[in-house]
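Both backbone and side-chain heavy atoms feed into the values below; hydrogens, waters and symmetry mates do not. Predicted model only: the values in this text are computed from it and were never measured.
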Amino acid sequence: MESALDYWSARALLEWQAELGATEALCDAPVDRYALEQAPPKPKPGAAPAPPPKPKEVDPVEVAQKAAKAAASLPGLRDALEAFDHCDLKRGARNLVFSDGQPGARVMIIGEAPGREEDLQGKPFVGRAGQLLDKMLEAIGLSRAESVYITNVLPWRPPQNRDPLPAEIAMLTPFLERHVALAEPDILVLMGNISCQAVLGKRGITRLRGKWDQAWTKPVIPMFHPAYLLRQPSQKRLAWADLLELKARLASLS
């Protein structure tokens with residue numbers, strides 16, 4: 001058995017290793033440095049802490065689709081709209097304008113958005129435009145009291161009656177589509193450009209009016225909005241032709 005190194009022999013060996021280029025002492029057993037946990041980097045002096053992760057953004061359209069699909073009845077759909085908090089129009093409106101007329105009627109009219117009177121009363125198509133609509137329907141033997149169901153693309157009034165934004169239309173269209181499915185009309189009447197955009201994905205009411213289309217498994221006919229006819233009385237003759245077209249289609253489906 002070899003005896004332990006004396007001081008001078010050990011010193012000589014160390015000096016010899018230093019001359020060979022050794023710069024540090026190692027342990028007797030090997031160390032796997034790849035297996036060692038790396039310490040987190042120390043923040044630089046004065047550096048700001050890392051910001052917290054951003055919360056996941058909510059997609060209003062996806063939320064609307066789920067809420068609308070879950071509604072099993074028209075009252076349930078109204079409740080779902082009341083609970084929908086992703087549309088800023090809701091904060092500035094006085095009332096939710098859901099519908100008027102007879103649920104289950106053969107004709108369902110879809111307007112654009114509530115105006116001042118609609119916002120005050122909580123019903124679509126009131127005021128001068130509503131009075132004109134009632135006269136138009138009466139001329140072909142229809143009425144909201146017995147044979148027509150009415151709603152709008154937007155249930156809340158936009159500020160200063162501005163046109164709805166594309167994002168607003170997109171997030172509220174799932175509710176409108178579910179509204180049509182629950183009301184089960186035979187025919188949809190789209191009054192104005194916004195209605196055509198929401199249901200058909202098209203604009204240009206002067207080009208679309210009076211021409212039958214198909215959407216959501218229903219026959220669809222676009223027409224001038226009564227508010228437009230009040231501003232452009234000369235267009236009433238075209239509106240009358242569209243009403244006669246609607247009357248003839250109802251007769252053919254009877």
Does anything in [range] form a ring pair (Phe, Tyr, Trp, His ring centres under 6.0 Å)? List the pairs, not counting sequence neighbours.
range: residues 183-206; result: none
range: residues 157-192; result: F84-F175, F98-H179, Y149-H179
range: residues 100-139; result: F125-H225

With [X], which residues qualify under side-chain hydrogen bond (donor to acceptor under 3.5 Å, both in side chains), at least two apart?
X: R78; value: none
X: D59; value: none
X: D242; value: R209
X: W216; value: none

Next on the checklist: Show, in sequence, the C-alpha distance, side-chain angles and deciding distance for V220 and Q214, and conclude whether the side-chain contact (heavy atoms from CB on, under 4.5 Å) test is met.
Outcome noted: CA-CA 5 Å; V220 175; Q214 191 84 8; 6.0 Å; no
Item to check | Residue pairs passing the salt bridge (Lys or Arg N to Asp or Glu O under 4.0 Å) test where at least one lies in residues 211-227, sequence neighbours excluded | outcome: K202-D213
Checklist entry - In a check of side-chain contact (heavy atoms from CB on, under 4.5 Å) between L133 and each of L229, I109, V126, which one passes? => result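 It is I109; the other options fail the test.
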Checklist entry - Listed by chain and number, what are the salt bridge (charged side-chain N to carboxylate O under 4.0 Å, His left out) partners of K69, not counting sequence neighbours? => result none
Checklist entry - Can you name the salt bridge (charged side-chain N to carboxylate O under 4.0 Å, His left out) partners of D186, sequence neighbours left out? => result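 With neighbours one apart ignored, the set is R106.
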Checklist entry - Who are the side-chain contact (heavy atoms from CB on, under 4.5 Å) partners of P159, not counting sequence neighbours? => result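 Here the qualifying residues are L89, R162.
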Next on the checklist: To check you understand the geometry: which heavy-atom pair defines the closest contact between L154 and P164, and what is its length?
Outcome noted: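 In terms of heavy atoms, the two residues are closest at CD2-CB, 3.6 Å.
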Checklist entry - Any side-chain heavy atom of L238 sitting closer than 4.5 Å to one from T206? => result no
Item to check | Residue pairs involving residues 139-148 (criterion side-chain hydrogen bond (donor to acceptor under 3.5 Å, both in side chains); sequence neighbours excluded) | outcome: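 Qualifying pairs: D100-R144, D134-R144.
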Checklist entry - Heavy-atom count around R116 CZ within 6.0 Å, excluding the residue itself: above 12? => result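 No, not enclosed.
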